[in-house]
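Shown next, in structure tokens, is the structure this report addresses.
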Amino acid sequence: MLDIKFIREDAETVKKALARRGADAAQIGSVVEADKKRRAIIQEVEGLKAENNRASSEIAKMKKEGRDASGAIAGMKAVTDKIKALDSELSSIEARVNETLLGLPNIPHGSVPDGADDKSNKLILEWGEKPSFSFKPLPHWEIGEKLDILDNDRAAKITGARFTVYKGAGALLERALINFMLDIQTREHGYTEVAPPVLVNRASMTGTGQLPKFEDDSFKLAEPDWFLSPTAEVQVTNMHREEIIPAAKLPIYYAAYTPCFRKEAGAHGKDTKGIIRMHQFNKVELVKFVLPETSFDELEKLLKNAEEILKRLNLHYRVMLLCAGDTGFASAKTYDIEAWQAGAEAYREVSSCSNFTDFQARRASIKYRGADNKPVFLHTLNGSGLATSRLLPAILEAYQTKDMEVIVPEVLRPYMGGIDRITKK
RNA sequence: GGAGAGAUGCCCGAGCGGUUUAAGGGGCACGCCUGGAAAGCGUGUGUGCUGAAAGGUACCGAGGGUUCGAAUCCCUCUCUCUCCGCCA
């Protein structure tokens with residue numbers, strides 16, 4: 001959420017920034033108007049309330065002294081009615097202002113390039129090399145089927161399209177990846193592991209920015225008013241919702257493994273094979289709560305922490321800086337890490353690392369106590385570290401052999417009972 | 001799922017329609033005292049909104065209602081605890 005005070009004082013800057021990402025800047029004018037009205041009503045109604053309070057204690061005193069207060073009481077009725085009317089007008093204006101603010105995206109950082117879509121994203125770095133093969137490498141869905149480790153057909157029987165069953169060495173590999181990633185992030189990069197609920201309430205979804213705009217993208221329970229979390233960002237960021245954290249405790253780093261659930265409503269016919277785009281997938285998420293002045297440095301560190309996983313797995317990848325138009329709703333700056341899928345011959349996003357500045361902190365009311373003891377919104381960041389549904393395909397494709405086996409990357413072997421390859425059973 | 005109890009400031013805890021602009025205690029901060037400390041004494045100690053400021057206003061789990069006036073009465077909801085049932 002953007003700060004209404006900032007919008008009020010510098011509407012032009014906000015309009016320009018929103019235009020960069022293709023957001024509707026016309027709402028800025030009307031929200032500034034509504035805010036002006038809001039403040040005028042506050043001044044009026046609070047004056048009446050002050051008068052009301054004075055009269056009330058006067059009445060109390062008269063009653064105590066045994067005098068007749070009926071005249072004073074009768075006089076208060078009109079003031080109270082006026083207060084009620086103004087209060088209800090005020091709350092409808094506040095609701096309108098709030099609704100508009102909740103619908104406005106974050107302002108892209110100055111270092112974010114212009115552009116409308118992913119074609120304008122900027123290549124930041126490439127690491128490693130595409131593996132070369134003496135044969136035609138297969139896409140992961142064919143490998144998964146031949147080795148009998150991924151079974152989308154049976155998942156469809158259980159649930160429907162866009163689910164998979166990990167089987168045998170596939171299930172083991174999935175579990176190994178999760179443990180490997182968590183161990184690196186917690187033991188070497190200083191993150192504290194958390195294992196949160198996967199069902200989340202409306203306030204949490206609003207706090208991180210999934211709601212109100214993107215309700216249709218989420219799986220929602222009929223009862224109660226809960227959602228299947230689309231990313232652990234929601235749970236972990238909202239752990240500190242409505243809290244004031246002592247500055248000395250910052251920065252806070254969390255790593256969480258959770259299943260994630262997405263409707264993929266706009267993706268009909270896209271990525272229908274394999275496990276690239278599932279309704280349910282596993283992800284280790286990294287979340288940071290930091291001092292505002294450090295957040296862009298923290299973003300660079302977060303990116304490095306996520307990259308480390310790919311380096312240890314020796315997988316070729318590139319890092320893209322997203323342009324203004326491709327940057328997510330809540331983010332001020334986002335890097336995507338794209339791993340090379342050797343069989344499908346494409347780069348696929350395995351991680352997205354974002355600095356949300358104070359956008360989520362303001363929605364969720366997460367503050368720290370500054371030097372002058374005043375509560376200040378802190379900055380939140382998060383990044384995948386990483387998503388297994390993208391990582392596991394990259395591994396299968398990069399490590400496949402001519403004899404239809406998959407070599408287990410060395411760093412994963414301790415997590416897989418020491419086996420060095422996945423073979424057909 | 002059934003029955004009951006509860007939710008008050010950083011913590012404990014009073015409060016049962018009008019000097020509560022929330023008693024009292026503890027903690028914490030600062031000051032006095034001290035060679036230094038403890039004890040003691042004094043002062044202070046929330047958040048939001050509004051306002052240039054002084055100040056004003058709202059908030060006693062959340063949301064409604066009754067009343068001139070609600071922490072206090074009524075309704076709905078959420079959460080916690082105890083017992084019963086069911087259960088990994």
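Reminder, nothing fancy here: chain letters follow the sequence lines and each chain counts from 1. Worth saying up front: this structure is predicted, and the values here are computed from it rather than measured.
Across all strands shown, B:G55 forms a Watson-Crick or G-U wobble pair with B:U50, both key distances being under 3.5 Å. Within the shown strands, B:G18 is the pairing partner of B:C68 under the Watson-Crick or G-U definition, both distances less than 3.5 Å. Across all strands shown, B:C10 pairs with B:G26; the Watson-Crick or G-U wobble distances both stay below 3.5 Å. The partner of B:C81 is B:G4, judged by Watson-Crick or G-U wobble contacts that both fall below 3.5 Å. Under the Watson-Crick or G-U wobble criterion, with both distances below 3.5 Å, B:G40 is paired with B:C32.
Between A:Phe359 and A:Phe329, the ring centre distance stays below 6.0 Å.
Using a 4.0 Å heavy-atom criterion, one finds that A:Arg54 contacts no nucleic acid atom at all. Using a 4.0 Å heavy-atom cutoff across all strands shown, A:Arg202 reaches no nucleic acid atom at all. Within 4.0 Å of A:Lys367, counting heavy atoms only, lie sugar-phosphate atoms of the nucleic acid but no base atom. Base engagement by A:Lys63 is indicated by at least one non-hydrogen atom pair under 4.0 Å involving a base atom. Residue contacts for A:Ile42: at a heavy-atom cut-off of 4.0 Å it reaches the sugar-phosphate backbone alone, with no base atom in range.
Nucleotides B:A22 and B:U57 have their P atoms positioned 12 Å apart, rounded to a whole Å. B:C10 and B:G48: their P atoms are spaced 12 Å apart (whole Å). The separation of B:G61 from B:A37, taken at their C1' atoms, amounts to 43 Å, rounded to a whole angstrom. B:A58 and B:C41 are spaced 36 Å apart, taking the C1' atom of each and rounding to whole Å. The separation of B:A88 from B:A7, taken at their P atoms, amounts to 35 Å, rounded to a whole angstrom. Across the C1' atoms, B:G69 and B:G18 are found 7 Å apart, a figure rounded to whole Å. On the C1' atoms, B:C12 is 27 Å away from B:C83, given to the nearest whole Å. Rounded to whole Å, the separation between the C1' atoms of B:C60 and B:A14 comes to 13 Å.
For RNA chain B, the outermost nucleotides in 5' to 3' order that have an atom under 4.0 Å from a heavy atom of chain A are B:G18 to B:G69.
Using modelled atom types, one finds a donor on one side chain and an acceptor on the other under 3.5 Å when comparing A:Asp336 with A:Ser352. Side chain to side chain, A:Lys333 and A:Ser111 meet the donor-acceptor criterion of an N or O pair below 3.5 Å. With no hydrogens or angles considered, a side-chain donor-acceptor pair links A:Asn201 and A:Ser204 at under 3.5 Å.
When each of A:Lys425, A:Arg421, A:Lys424 is paired with A:Glu405, the salt bridge (Lys or Arg N to Asp or Glu O under 4.0 Å) condition holds for A:Arg421 and for no other.
Where A:Trp226 and A:Ala74 meet RNA chain B, the nucleotide closest to each residue was compared, and A:Ala74 sits on the side nearer the 5' end. The residue among A:Arg8 and A:Ala60 whose nearest nucleotide of RNA chain B is located toward the 5' end is A:Ala60.
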Name every donor-acceptor pair, under 3.5 Å, that has one atom in a side chain of residues 164-172 of chain A and the other anywhere in the protein, sequence neighbours excluded.
unit_1   : atom_1 : unit_2   : atom_2 : d
A:Thr164 : OG1    : A:Asn152 : OD1    : 2.6
A:Lys167 : NZ     : A:Asp148 : OD1    : 3.3
A:Lys167 : NZ     : A:Asp148 : OD2    : 2.9

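The pair A:Lys283-A:Glu285 meets the salt-bridge criterion, with a side-chain N (NZ, NE, NH1 or NH2) lying under 4.0 Å from an Asp/Glu carboxylate O.
Using the six-membered ring where Trp is involved, A:His240 and A:Tyr254 have ring planes that are parallel, under 30° apart on the 30 and 60° scheme.
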